J.: 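My questions will all concern the structure given below.
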Amino acid sequence: MPLELPMAVPGPLRWLVSEITSIRACAPYERTPLVHVPDADTSLIFRTTWARRSALLVAGPRTRASYHAGKDLPVCLRFRLCPGAARLLLGVPMTELVDRVVDLEELWDGAAGLTAEPARPGDDVRRVLQRLQAALPARITGRSSADLARGELVRATAQALRDQAGQQREPIAVIARRLAVSQ
C-alpha cells in the first residue's frame, strides 16, 4: 500500500500551494490500485518511475471517482493548488482541465526543465521543490492586474464558502455583496 505523508509547504509557495503530499510505493512489485475521488482542486503532480523517468503533470478538478491499476512510482509529490492560483499559473480556465490529467509542458513552455534528471538517487524531492519555488512565483509576475484580481476573487470566495469549524457560514447573498459580485 502506498504511503502518503504530508510535507511542509515552503514559505515562497504558501500563497500558491495549499498542501504537498509525498506518496511513496513500498516496493516496485507492489501495485495497489489507485482510487481518485472527486476533488474540486487542481494539483501539480511530480512523479518518478523506478526507471528514473520523471514527469510533471496537471490534474484538473475531478467530477467523478476513477480507479486505476497500481503504478510503478517510487516517488510521487502532489502539490494541491490554492483556489485562484491554478489559472494564474497555468494560463487556462479550469473548465478546460475538468476530469483531465495533462503534461505540464502542454500548458507551460519551458516546463521540461523542472523535471530534469536529479544529480543523485533520492534527490528528486529536494530538486523539484527547489525548482518549483523559483518557477511558480515567476509565472505570476507576468500576469495582468485583471488576472491577479480574478485570482484573488476566486481565493476570497472559496475562503468565504469554506465551512469554518464552530462558525456558521454567511449566506451567499451576504458573501456576494461583501465581494461586490452577483450571486
Side-chain angles (χ1 to χ4, degrees), residues 4 6-23 35-47 55-66 76-115 128-183:
E4 289 194 33
M7 296 177 61
V9 178
L13 295 181
R14 285 192 189 124
W15 65 289
L16 299 169
V17 176
S18 62
E19 166 184 294
I20 301 174
T21 306
S22 174
I23 304 163
V35 178
H36 299 290
V37 297
D39 186 353
D41 291 333
T42 298
S43 296
L44 294 178
I45 299 168
F46 171 76
R47 64 186 193 184
L56 192 53
L57 307 170
V58 177
R62 285 189 302 274
T63 61
R64 58 190 175 276
S66 62
C76 183
L77 291 178
R78 180 180 56 222
F79 297 81
R80 187 176 297 275
L81 299 179
C82 293
R87 183 177 176 139
L88 287 172
L89 290 169
L90 305 173
V92 297
M94 291 308 92
T95 55
E96 292 184 21
L97 297 174
V98 172
D99 293 324
R100 293 182 60 209
V101 176
V102 299
D103 195 301
L104 183 61
E105 290 181 51
E106 289 182 35
L107 305 172
W108 181 349
D109 289 337
L114 296 172
T115 59
V128 79
L129 279 172
Q130 289 171 345
R131 290 176 181 149
L132 287 175
Q133 281 184 77
L136 294 182
R139 289 284 296 179
I140 304 297
T141 59
R143 298 294 181 207
S144 70
S145 57
D147 286 340
L148 294 172
R150 183 184 306 114
E152 178 55 28
L153 179 61
V154 170
R155 188 207 58 75
T157 303
Q159 180 64 35
L161 293 173
R162 187 174 292 129
D163 289 335
Q164 303 294 322
Q167 298 177 351
Q168 186 175 18
R169 188 179 72 202
E170 293 178 287
I172 299 292
V174 172
I175 293 170
R177 265 194 310 278
R178 182 166 49 82
L179 297 175
V181 296
S182 68
Q183 292 182 38

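Side chains are part of it too, since the values below use all heavy atoms of this structure and drop only hydrogens, waters and symmetry mates. Note that the structure is a prediction, hence the values are computed from the model and not measured.
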J.: Distance check, rounded to the nearest 0.5 Å: Ser18 atom OG versus Arg155 atom CZ?
T.: 12.5 Å
J.: Shortest non-hydrogen contact from Leu77 to Met7?
T.: CD2-SD, 3.5 Å
J.: With rounding to the nearest 0.5 angstrom, report the CZ to CZ distance, Arg87 to Arg150.
T.: 4.5 Å
J.: Looking at Arg80 and Asp39, what are the two nearest heavy atoms and their distance?
T.: NH1-OD2, 2.6 Å
J.: Take Val58 and Leu44 through the side-chain contact (heavy atoms from CB on, under 4.5 Å) test and state the conclusion after the steps.
T.: CA-CA 5 Å; Val58 177; Leu44 294 178; 3.7 Å; yes
J.: What is the distance from atom CG of Leu81 to atom CG of Leu13, rounded to the nearest 0.5 Å?
T.: 10.0 Å
J.: Give the intermediate values and the outcome of side-chain contact (heavy atoms from CB on, under 4.5 Å) for residues Ile140 and Trp15.
T.: CA-CA 11 Å; Ile140 304 297; Trp15 65 289; 3.5 Å; yes
J.: Could you grab the distance from atom SG of Cys82 to atom CD of Gln159, nearest 0.5 Å is fine?
T.: 10.0 Å
J.: Given side-chain contact (heavy atoms from CB on, under 4.5 Å), test Leu107 with Leu97 step by step and report yes or no.
T.: CA-CA 10 Å; Leu107 305 172; Leu97 297 174; 4.2 Å; yes
J.: Please give me the minimum heavy-atom distance between Asp99 and Arg64, naming the atom from each residue.
T.: OD2-NH1, 2.8 Å
J.: If you round to the nearest 0.5 Å, how far is OG1 of Thr42 from CZ of Arg100?
T.: 11.5 Å
J.: State whether the side chain of Arg14 and the backbone N or O of Val9 hold a donor-acceptor pair below 3.5 Å, judged by distance alone.
T.: yes
J.: Taking atom CD of Glu105 and atom CG of Leu57, what is their separation to the nearest 0.5 Å?
T.: 10.0 Å
J.: Which heavy atom in Leu90 sits nearest to a heavy atom in Leu104, and how many Å separate them?
T.: CD2-CD1, 3.6 Å
J.: Phe79 and side chain to side chain contact (heavy atoms under 4.5 Å, CB included): which partner among Thr21, Leu129, Leu136, Ile45?
T.: Leu129
J.: Closest approach of Ala86 and Met94, non-hydrogen atoms and distance?
T.: CB-SD, 3.3 Å
J.: On a heavy-atom basis, which atom in Pro12 and which in Pro137 lie closest, and how many Å separate them?
T.: O-CG, 3.9 Å
